[in-house]
Colleague: 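Okay, handing you the structure first.
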Amino acid sequence: MKKKRMSTDKLYKLFVYVAMITLAITIIVPVGWVFMASIKENSEFYGNPWALPAGFNWSNFTDAFQEANMGSYMWNSVLVTGMALLILLAVALPAAYVLARFEFTGSKFFKTMFRTGLFINISFIVVPIFLMLLDWDSGLKTLMGSTFFLNNRFILALVYAATALPFTIFLLSSYFETLPHDFEEAAYIDGAGYFKTMTTVMIPMAKPSIITVILFNFLAFWNEYILALTLMPGAKKTLPVGLVNLMAAERAAANYGRLYAGMVIVMLPTLILYVMVQKQLTQGMTAGGVKG
C-alpha cells in the first residue's frame, strides 16, 4: 500500500513537472523568438525563421523610436500609466481601508456595488464613455471655443483609474481584513488619529498587496487598447495603439525587423517590472488568504 502511494506521488510530481515545463516552453519560445527577430536584418526573414540572427542590428530599435514615433508613444504610455496608478492608489487605499475596518450606514451597499463592478467589462461601456466626453467637449467648445476631455492624457488616466477601482478595492480590502486590530489599537493609544493610523501603520503593513495591485494594474493600463484608441483619436497615442499602426505600416513595407523591435519596446517594461517585484508579488497573492 505504501509503495503504491509512493508511485502515485511520483507520477503526480512527474505530471506536474512535465506540465510546468511545457507551459514554460510555450511562453519562453515565442518571447525569445520576438527578441531574436527584433535584431535581424530584413533579408534574414526570407530564409529559415528559426535561424539565429547573423548579427545585432540595433538600428531596428532606433528606427522604431525615431521614424515610427515609438518614443513619443512610449512617453504617452508612461505618463498615462503613471497618472492612472497615482489616482487609483489615492482613491482605492482609503476606500479599501474604510470598507474593511469600519462598519457604518451603507457600508454593505458600497461593498456590494464594488463587487458588482468586477463583472463589468470595459468593452461594454467604452461607447457610452466616449459619447459622454464628446458631449462635454461639445458644450465646452460652445462656451469657450476649445475642447478638453478627448485627446487628454489626464482624462484617459482618470478613466483607467475609475474602471480599475472595483478590482483594486476588492483586493486591498480583502487584505486589510486579515490584519489584526492590535496595531490600530496601539496607534490610537499613542494618540494617532484615523488618517495617521492608516498612513503610518496599516498601509505599510499592506505593502505586499499594494505591490500586487500596482503590477496587475500596470499591466492592464500599459497594454490597454480600446479606451486609448477611442478616447485619444489625435496624435497623442499610447504604445498599444502606436504598435498596431506600426504593424500595419511595416507589414505593408515588408520591414519586419522594425515591427518586432516595436513589439520588444512594448514588452520590455512589463518584463523588467515583473522581475523587480516577483518576490513581493508572490507574498501579496498568498498572504491575504490566511486570517491573522
Side-chain angles (χ1 to χ4, degrees), residues 27 74 77-104 107-108 110-118 122 154 156-224 239 266-292:
I27 295 173
M74 172 173 273
S77 284
V78 169
L79 279 180
V80 171
T81 302
M83 287 190 293
L85 288 174
L86 288 176
I87 296 169
L88 178 64
L89 292 176
V91 176
L93 280 171
Y97 175 69
V98 169
L99 290 174
R101 311 298 282 189
F102 300 96
E103 292 291 337
F104 55 91
S107 60
K108 291 184 178 179
F110 285 114
K111 289 179 182 179
T112 303
M113 291 301 294
F114 280 119
R115 287 169 183 167
T116 304
L118 293 171
I122 189 61
F154 175 76
L156 179 61
L158 189 63
V159 174
Y160 279 174
T163 55
L165 273 176
F167 166 76
T168 305
I169 290 177
F170 173 76
L171 192 61
L172 289 175
S173 61
S174 299
Y175 189 86
F176 277 126
E177 288 173 356
T178 66
L179 300 178
H181 288 271
D182 299 344
F183 298 98
E184 289 170 293
E185 294 172 358
Y188 296 151
I189 292 173
D190 290 339
Y194 293 125
F195 181 77
K196 188 175 182 180
T197 301
M198 179 188 72
T199 54
T200 61
V201 179
M202 304 306 292
I203 288 180
M205 292 178 64
K207 183 180 176 181
S209 182
I210 295 172
I211 292 176
T212 303
V213 162
I214 290 174
L215 180 61
F216 279 139
N217 285 303
F218 176 87
L219 294 176
F221 299 159
W222 187 264
N223 297 316
E224 201 282 324
L239 264 180
V266 175
M267 288 192 303
L268 201 57
T270 59
L271 293 176
I272 293 173
L273 181 64
Y274 178 77
V275 171
M276 291 173 59
V277 300
Q278 181 180 359
K279 184 178 179 181
Q280 292 87 344
L281 176 65
T282 305
Q283 293 175 352
M285 294 180 65
T286 57
V290 181
K291 284 280 185 179

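The residues of the chain are indexed from 1 along the displayed sequence. Just so it is clear, the values below take in all heavy atoms, side chains as well, and ignore hydrogens, waters and symmetry mates. Here the structure is a predicted model, which means the values were calculated and not measured.
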Colleague: Applying salt bridge (Lys or Arg N to Asp or Glu O under 4.0 Å), name anything that partners Lys111, two or more places apart in sequence or on another chain.
Modeller: Glu103

Colleague: Looking at residues at least two apart in the chain, or sitting in another chain, which of them share a side chain to side chain donor-acceptor pair (under 3.5 Å) with Asn217?
Modeller: Thr168

Colleague: Flag the pair Tyr160 / Leu85 as yes when at least one side-chain heavy-atom distance between them is below 4.5 Å, and no otherwise.
Modeller: no

Colleague: Quick one: CG on Leu273 to CZ on Phe218, what's the gap to the nearest 0.5 Å?
Modeller: 5.5 Å

Colleague: With sequence neighbours left out, write down each residue that passes side-chain contact (heavy atoms from CB on, under 4.5 Å) with Ala100, or none if nothing qualifies.
Modeller: Ser173, Phe176, Glu177

Colleague: To the nearest 0.5 Å, how far apart are CG in Leu215 and CD1 in Ile210?
Modeller: 14.0 Å

Colleague: Grab the two heavy atoms, one from Tyr175 and one from Met205, that are nearest each other, plus how far apart they are.
Modeller: OH-O, 3.4 Å

Colleague: Tell me, do Val80 and Phe154 make a side-chain contact under 4.5 Å, heavy atoms counted?
Modeller: no

Colleague: Only counting residues at least two apart or in another chain, list the ones meeting side-chain contact (heavy atoms from CB on, under 4.5 Å) with Ala162.
Modeller: none

Colleague: Does CZ belonging to Phe110 count more than 12 external heavy atoms closer than 6.0 Å?
Modeller: no

Colleague: For the residue pair Phe104 and Leu99, establish whether any side-chain heavy-atom pair is separated by less than 4.5 Å.
Modeller: yes

Colleague: Can you pull out every salt bridge (Lys or Arg N to Asp or Glu O under 4.0 Å) where at least one residue sits in residues 88-102? Sequence neighbours excluded, please.
Modeller: Arg101-Glu184

Colleague: Considering residues at least two apart in sequence or located in another chain, which fulfil the side-chain contact (heavy atoms from CB on, under 4.5 Å) criterion with Ile272?
Modeller: Leu268, Met276

Colleague: Going through the checks in order, is the side chain to side chain contact (heavy atoms under 4.5 Å, CB included) test met by Val266 and Trp222?
Modeller: CA-CA 8 Å; Val266 175; Trp222 187 264; 4.1 Å; yes

Colleague: Between Ser209 (side chain only) and Ala206 (backbone N and O only), is there a donor and an acceptor less than 3.5 Å apart?
Modeller: no

Colleague: Nearest 0.5 Å, please: how far is OG1 in Thr163 from CG in Leu158?
Modeller: 9.5 Å

Colleague: Any donor-acceptor pair under 3.5 Å linking the side chain of Ser77 with the backbone of Leu239?
Modeller: yes

Colleague: For Leu172 and Ala96, work out which heavy atoms get closest and say how close.
Modeller: CB-CB, 3.5 Å

Colleague: Output all residues satisfying ring-ring contact (aromatic ring centres under 6.0 Å, His included) with Phe102, sequence neighbours left out; order by chain, then residue number.
Modeller: Tyr97, Tyr194

Colleague: Name all residues meeting the side-chain contact (heavy atoms from CB on, under 4.5 Å) criterion together with Leu118; count only those two or more places apart in sequence or in a different chain, and write none if there are none.
Modeller: Pro166, Phe167, Phe170

Colleague: Please report the shortest heavy-atom distance between Met198 and Pro94, naming the atom on each side.
Modeller: SD-CA, 3.7 Å

Colleague: Taking the side chain as everything from C-beta on, heavy atoms only, tell me whether Phe221 gets closer than 4.5 Å to Leu88.
Modeller: yes

Colleague: I need the full list of side-chain hydrogen bond (donor to acceptor under 3.5 Å, both in side chains) pairs touching residues 79-96, with sequence neighbours left out, sorted by first then second residue.
Modeller: none

Colleague: Could you list the residues that satisfy side chain to side chain donor-acceptor pair (under 3.5 Å) with Thr199, not counting sequence neighbours?
Modeller: none

